[in-house]
Colleague: 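Let me give you the structure first, and then I'll get to my questions.
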Amino acid sequence: MSHRIDYAKTSPEGYKAFGGVYVYLLKSGLSKELIYLVYLRVSQINGCAYCIDMHSRDLLKLGVPVDKLVLVPVWRDAVEVFSTRERSALAWAETVTRVAETGVPDVDYEAAAAEFSDKELADLSYAIGLMNAFNRFGVSFRSTPAAVAAARAA
C-alpha cells in the first residue's frame, strides 16, 4: 500500500472544525451510547475499519455488552436487544447514510420524527453526517485501527 497523508496533521484546522461538532454532539442531550451506536452502524455501512474499531471500543468502555455490540449490523433481527429509541436511531442512520439509494423516504422521516424531538432529530442527523464524513477520511487515507496498530507492534 502506498503512503497516504495523515489528514488531521496535514489540515489541523479542518480536523478541529469537525472535532467541534463531535464535542457538541456529546453535550447535545443524546446519550453517548446512542451516539456511539449510530457512529458504529454508519461506519459498518461505509466499511471504515478505523471507526468500527474506535466506536466498538467506545461502546465497550460505556459498558455495552458484547452480545449487543456484535448484533449491531443485524439489529432488525435482534429487536429485543435494542430499545425502541435505538432501533429508530439505527434505522434513521441507515436511510440517511444510504441517501443515494433511499432518497430518505417520508415513511423513514416520520418514523424518526415520532421517536425524537425536532432538536434531537437534527442532532442525530448531525451525528450521522459527521460520521459519514469521518468514514470518508478514514477509508480514503487508510487510517490505522488501534487493533491493527497493536498487532503490528506485537
Side-chain angles (χ1 to χ4, degrees), residues 1-28 30-78 81-83 85-105 108-109 112 116 120-154:
M1 181 177 79
S2 64
H3 174 73
R4 299 193 184 191
I5 64 170
D6 180 336
Y7 65 92
K9 288 182 182 175
T10 303
S11 179
E13 290 301 312
Y15 184 75
K16 184 178 175 182
F18 278 100
V21 176
Y22 185 88
V23 170
Y24 164 75
L25 289 166
L26 294 178
K27 298 185 227 173
S28 69
L30 296 172
S31 74
K32 280 185 181 181
E33 183 174 334
L34 183 75
I35 291 169
Y36 292 155
L37 280 171
V38 165
Y39 286 168
L40 178 58
R41 185 65 192 119
V42 169
S43 299
Q44 290 168 338
I45 292 166
N46 290 324
C48 183
Y50 179 84
C51 294
I52 291 169
D53 181 88
M54 177 192 305
H55 299 299
S56 294
R57 292 170 189 276
D58 290 340
L59 287 161
L60 290 169
K61 286 177 192 169
L62 289 177
V64 172
V66 171
D67 292 350
K68 183 174 187 174
L69 186 70
V70 299
L71 291 173
V72 171
V74 293
W75 63 269
R76 291 177 198 276
D77 296 323
V81 176
F82 298 91
S83 70
R85 192 166 173 85
E86 290 168 338
R87 292 191 310 271
S88 182
L90 291 167
W92 185 245
E94 288 180 357
T95 195
V96 171
T97 296
R98 294 180 171 132
V99 65
E101 300 163 30
T102 69
V104 189
D108 291 353
Y109 172 79
F116 294 98
E120 289 173 329
L121 188 54
D123 289 342
L124 183 60
S125 300
Y126 288 137
I128 295 162
L130 178 68
M131 193 47 46
N132 272 287
F134 272 129
N135 291 164
R136 277 139 183 82
F137 291 123
V139 172
S140 298
F141 297 117
R142 304 290 192 264
S143 299
T144 304
V148 172
R152 288 179 182 161

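Just so you know, these numbers use all the heavy atoms, side chains as well, and skip hydrogens, waters and symmetry mates.
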Colleague: Considering non-hydrogen atoms only, spot the tightest contact between G47 and V139 and give its length.
Modeller: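 Smallest interatomic distance, heavy atoms only, reads O-CG2, 3.7 Å.
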Colleague: For a 4.5 angstrom cut-off between non-hydrogen side-chain atoms, does K68 reach L37?
Modeller: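 Touching, per the 4.5 Å side-chain cut-off.
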Colleague: Can a donor-acceptor pair be found, under 3.5 Å and without considering hydrogens, that links the side chain of T144 to the backbone of A149?
Modeller: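 Flag not set: sc T144 to bb A149 has no pair under 3.5 Å.
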Colleague: Where the side chain of S28 meets the backbone of L25, is there a donor-acceptor pair that is under 3.5 Å apart?
Modeller: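 Checking the backbone N and O of L25 against the side chain of S28, a donor-acceptor pair under 3.5 Å is found.
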Colleague: Who are the side-chain hydrogen bond (donor to acceptor under 3.5 Å, both in side chains) partners of S140, not counting sequence neighbours?
Modeller: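 Scan of S140 (side-chain hydrogen bond (donor to acceptor under 3.5 Å, both in side chains), adjacent residues dropped) gives none.
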Colleague: Between K61 and Y36, is there a side-chain heavy-atom distance shorter than 4.5 Å?
Modeller: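 No, too far: nothing below the 4.5 Å cut-off.
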Colleague: Which atom pair, heavy atoms only, marks the closest approach of C48 to G138?
Modeller: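 Between these two residues, the closest heavy atoms are SG-CA, 4.0 Å.
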Colleague: Mind telling me whether Y22 and Y39 have parallel, tilted or perpendicular rings, with 30° and 60° as the class edges?
Modeller: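 Parallel.
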Colleague: Taking only residues two or more places apart in sequence, or in another chain, which ones meet V23 in a side-chain contact (heavy atoms from CB on, under 4.5 Å)?
Modeller: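 Listed in chain order: K27.
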Colleague: Name all residues meeting the side-chain hydrogen bond (donor to acceptor under 3.5 Å, both in side chains) criterion together with N46; count only those two or more places apart in sequence or in a different chain, and write none if there are none.
Modeller: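 Once residues adjacent in sequence are excluded, the partners of N46 under the side-chain hydrogen bond (donor to acceptor under 3.5 Å, both in side chains) criterion are N132, N135.
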Colleague: Measure the OG-CZ distance between S143 and R4 for me, rounded to the nearest 0.5 Å.
Modeller: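 Output value for this atom pair is 10.5 Å.
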Colleague: With sequence neighbours left out, write down each residue that passes side-chain contact (heavy atoms from CB on, under 4.5 Å) with V70, or none if nothing qualifies.
Modeller: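 Scan of V70 (side-chain contact (heavy atoms from CB on, under 4.5 Å), adjacent residues dropped) gives V66.
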Colleague: Once you measure the plane-to-plane angle for Y7 and F134, does it fall in the parallel (<30°), tilted (30-60°) or perpendicular (>60°) bin?
Modeller: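 Correct class here is tilted.
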Colleague: Tell me if the CZ atom of F82 is crowded by more than 12 foreign heavy atoms within 6.0 Å.
Modeller: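 Count over threshold, so yes.
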Colleague: Does Y24 have more than 12 heavy atoms from other residues, nucleotides or ligands lying within 6.0 Å of its OH?
Modeller: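 More than 12 within 6.0 Å, yes.
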Colleague: For residues 123-138, which residue pairs qualify under salt bridge (charged side-chain N to carboxylate O under 4.0 Å, His left out), counting only residues two or more places apart or in two chains?
Modeller: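 Qualifying pairs: K119-D123.
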Colleague: Under the side-chain hydrogen bond (donor to acceptor under 3.5 Å, both in side chains) test, which residues partner K32, sequence neighbours left out?
Modeller: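 K32 satisfies side-chain hydrogen bond (donor to acceptor under 3.5 Å, both in side chains) with no other residue.
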Colleague: Where do H55 and S43 come nearest, in terms of heavy atoms and distance?
Modeller: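 For H55 and S43, the tightest heavy-atom pair comes out as CD2-OG, 4.4 Å.
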Colleague: With a cut-off of 6.0 Å (strictly less than), are more than 12 heavy atoms of other residues, nucleotides or ligands near CZ of F116?
Modeller: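 Yes, because the 6.0 Å sphere around CZ of F116 holds more than 12 heavy atoms from other groups.
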